[in-house]
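Presented below is the structure to which this report refers.
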Number of protein chains: 2
Amino acid sequence: MTRSKAYPKGVAKRDEILHTALDVIARNGYSRTSVRQLAEAVGLTNAGLLHYFESKEHLFAEILRMRDEVDAEAQRSPGTSSLDALVSTARHNAKVPGLVQLYSRLAAEAEDPAHGAHEYFRDRYANLRTSVAASIRQEQEAGAIRRDADPERLARLIIAMADGLQTQWLIDPSFDMAAEISYLISLAAVLPDEQ
Amino acid sequence: MTRSKAYPKGVAKRDEILHTALDVIARNGYSRTSVRQLAEAVGLTNAGLLHYFESKEHLFAEILRMRDEVDAEAQRSPGTSSLDALVSTARHNAKVPGLVQLYSRLAAEAEDPAHGAHEYFRDRYANLRTSVAASIRQEQEAGAIRRDADPERLARLIIAMADGLQTQWLIDPSFDMAAEISYLISLAAVLPDEQ
DNA sequence: GTCTATATGCTGATAGAC
DNA sequence: GTCTATCAGCATATAGAC
């Protein structure tokens, strides 16, 4: 509550902007969210808002970075592998379509190397792949996942699938993302009995 | 060459616009391609070009529809299943990054129900899923794919994965899309010997 | 450091003349 | 079928007030 050196006005405002921006996107959709709207929602002019961020693109990447941290926090509890995390994240995401849309749209825009979020996504994919691959290796040692699967390759495939499912779900939300991811993992499991 | 009733000027011009548009996107990237540029490339003003299409969004969807038809044609040859088609399409796509970018970016934008290409993608996903599921069923009967896998669900997962791989590849083209899809299909195959 | 005001040059789209 | 003219909206940049 009281302002300290560790939490100066600038950081608080930045944080407020990020949270408000996510709210506005969730309400109005990514396509219909301009910097001016975000600025207005937080009581600033557009130039005032962009004082806190390098660009609109960087602002959006910061929202996702914030989300990543919250998610990582939630999964630091013992006994959750990255694979379980993918399923529970998918389950949670189904309740926040605005956030899913932000992620999906920004990832696509960031395909352009000149986009402000390009590096964020490049690094995010690399780190996520390492983390998921490590979990796969663990599960293999525990005998839960077939040992003939290449952890790194399988990790990339699972991450790609999670992303692709989000796109399909946003275009036609007639299925359960978490259930489908969970189904894939069950297919990667050691078969009880090969018929 | 000679203009006939079956190939009037309007259709020819439309076709020219679609092909030129794809060229320009491939050269300049999706982000940096405006209607005005496309119009100029084909010798029209932007208003003149938009006379042929409902909107920019519809124009782009038409390019992809054209691509779908070409691809479908190429795979009508005997002995190619939808699964083989996915792999060979991925192999071909790696040579036309501009087209991959168009597909990936437009799919993301079309998540908005108000987007001009929303219905195109909704229908495309549904049709593709049906087609891939049928191929999976065939392979299962032939004993090439595990019989315990649900064709419809697996089809959705494979399509999602192909899309997600395209995003990852456009952000960091340091892997072989076709090889990864092929690898997934091999994992779905009946195991020679469960260890 | 924080912010307003203002300006530039894009964008897709439309109305109506020819 | 194609044009000109025009529009509202956009992200972004800069100068400078406080």
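It should be emphasised that the depicted structure is a prediction, and the values quoted were computed from it without experimental measurement. We use all heavy atoms of the structure for the numbers below, so side chains are in, but hydrogens, waters and symmetry mates are not. Quick note on labels: first sequence line is chain A, next is B, and so on, each numbered from 1.
In this structure a side-chain-to-backbone donor-acceptor pair under 3.5 Å is present from A:H19 to A:D15.
Looking at residues 30-54 of chain A, you'll see A:R36, A:L44, A:T45, A:A47, A:G48, A:H51, A:Y52 sit with a heavy atom under 4.0 Å from some atom of DNA chain C.
A:D163 is linked by a salt bridge (Lys or Arg N to Asp or Glu O under 4.0 Å) to nothing, counting only residues two or more places apart in sequence or in another chain.
Here the straight-line distance linking atom OH of A:Y103 with atom CG of A:D68 works out to 8.5 Å at 0.5 Å rounding. If you take CG on B:L64 and CD on B:E69, they are separated by 11.5 Å, rounding to the nearest 0.5 Å.
In this structure, the CZ atom of B:R14 is 15 Å from the C1' atom of D:dG1, given to the nearest Å.
With B:M161 as the partner, the side chain to side chain contact (heavy atoms under 4.5 Å, CB included) test is satisfied by one option alone out of A:I159, A:L184, A:L157: A:L157.
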